[in-house]
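Notes for the one structure printed next.
Quick caveat: nothing in here was measured; it's all calculated off a predicted structure. For reference, positions follow the sequence shown, starting with 1. Order of listing sets the numbers, starting from 1, for every ligand and every atom in it. Keep in mind that the numbers below use all heavy atoms, side chains included, and drop hydrogens, waters and symmetry copies.
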Amino acid sequence: MDGNGRWAQRRGLPRTDGHAAGEEALMDTIWGALDAGIRWLTVYAFSTENWKRPVDEVRFLMNFNERLLLTRRDELNERNVKLQFIGRRDWRVPKRILRRIDETLELTGDNTAMTVSMAFNYGGRAELVDAVRAIAASGIKPEKIDEKTIRQHLYDPTMPDPELMVRTSGEYRMSNFLMWEMAYSELVFTDVLWPDFRRENLYAAIDEYQRRDRRFGGLSDTDGLG
Ligand code: IPE
Ligand code: MG
């Protein structure tokens, strides 16, 4: 969800107004995904690198994400949406927010229409470090470790590999997002700044996705196999 700062800057507003404006984009994207039958949506809300920002902006983002949870979880719950979280829990995140996260997991845990996973205090490399630590601590024999072992020690072992990654604001980077999980994801880039993003932009990205030929290192169905 990138481009909040630039969106605000272009309007002569403080950067934090851009984050605030991103709420409408997020909600419209979630409802649009739900209406389209998407079963899993992961959003990058706060990265392990975002702590480098000025303290005022970090504080704003913490409060903003907490308030977002508090004000939106009931309507998400009413529409049978399950909220999940991926990220480092035991590092820097205020206790108060962990409590909100746990309440939200409890509230929406049995919902089945769609999972919205918030990547919060998330970093792809941190996730792999944490997985390696957990695997080492489990005492498993090195020769028994395979790709499945690593998958099972990521923050959310139930999360399917993403089919599509959409990056906003004209940046062409992965920025440490889902490093393991996105090995074969289709990448779609758009210049739209996050606060301007709406379900139509998601649908346009899905259209582009549907025109891709996914081979996973093999051959396409139409290349003589089918
Ligand atoms: C994304 O918008 C929001 C977060 C990283 C939390 P930015 O704040 O990165 O916006 P730009 O990139 O400065 O425009
Ligand atoms: Mg940015």
Considering only heavy atoms, does S47 approach ligand 1 within less than 4.0 Å through its side chain, its backbone, both, or neither? neither
Does even one non-hydrogen atom of G3 get within less than 4.0 Å of ligand 1? yes
Could you tell me which atoms of ligand 1, counted from 1 in the order shown, lie closer than 4.0 angstrom to a heavy atom of A45? 6 (C)
Considering both backbone and side-chain atoms of D2, is one of its nitrogen or oxygen atoms within less than 3.5 Å of a nitrogen or oxygen in ligand 1? yes
Relative to the heavy atoms of G5, which atoms of ligand 1 are at a distance of less than 4.0 Å? 7 (P), 8 (O), 10 (O), 11 (P), 13 (O), 14 (O)
Look at the side chain of N176 and the backbone N and O of R125, then say whether any donor-acceptor pair between them is shorter than 3.5 Å. yes
Give the atom numbers and elements of ligand 1 that come within less than 4.0 Å of a heavy atom of N50. 5 (C)
If you measure from OG1 on T149 to CG on D146, what distance do you get to the nearest 0.5 Å? 4.0 Å
Name every donor-acceptor pair, under 3.5 Å, that has one atom in a side chain of residues 132-143 and the other anywhere in the protein, sequence neighbours excluded.
| residue | atom | partner | partner atom | Å |
| --- | --- | --- | --- | --- |
| S138 | OG | I135 | O | 2.6 |
| S138 | OG | I140 | N | 3.4 |

Mind checking whether R15 contacts ligand 1 via backbone (N, CA, C, O), side chain (CB onward), both or neither, at a 4.0 Å heavy-atom cut-off? side chain
Distance flag, aromatic centroids of F216 and Y184, threshold under 6.0 Å: yes
Shortest protein heavy-atom distance from atom 2 (O) of ligand 1, along with the residue and atom involved: N4 N, 3.3 Å
Under 4.0 Å to a heavy atom of R6 - the qualifying atoms of ligand 1, by number: 11 (P), 12 (O), 14 (O)
Not counting sequence neighbours, which residues clear ring-ring contact (aromatic ring centres under 6.0 Å, His included) with F60? List them please. F64
Do D161 and S185 have side-chain atoms, one donor and one acceptor, less than 3.5 Å apart? no
How long is the straight-line distance from OH of Y203 back to CZ of R198, given to the nearest 0.5 Å? 13.0 Å
Among all protein heavy atoms, pick the one closest to atom 1 (C) of ligand 1 and tell me residue, atom and distance. M1 O, 2.9 Å
What I want to find out is whether R99 reaches E103 closely enough, with some N-O distance under 4.0 Å, to be called a salt bridge. no
For H19, the atoms of ligand 1 under 4.0 Å from one of its heavy atoms are 3 (C), 8 (O)
May I ask you to decide whether R59 forms a salt bridge with D56, counting only side-chain N to carboxylate O separations under 4.0 Å? yes
With sequence neighbours excluded, give me every salt bridge (charged side-chain N to carboxylate O under 4.0 Å, His left out) pair touching residues 39-50. none
Face-on cation placement of R10 at W7 ring, 6.0 Å and 45° thresholds: no
Would R88 and T48 count as having a side-chain donor-acceptor pair, cut-off 3.5 Å? no
If you count the atoms of ligand 1 from 1 in the order shown, which ones are under 4.0 Å from a heavy atom of R53? 5 (C), 7 (P), 8 (O), 9 (O)
For the Mg ion (ligand 2), how many protein N, O or S atoms lie at less than 2.8 Å? 1
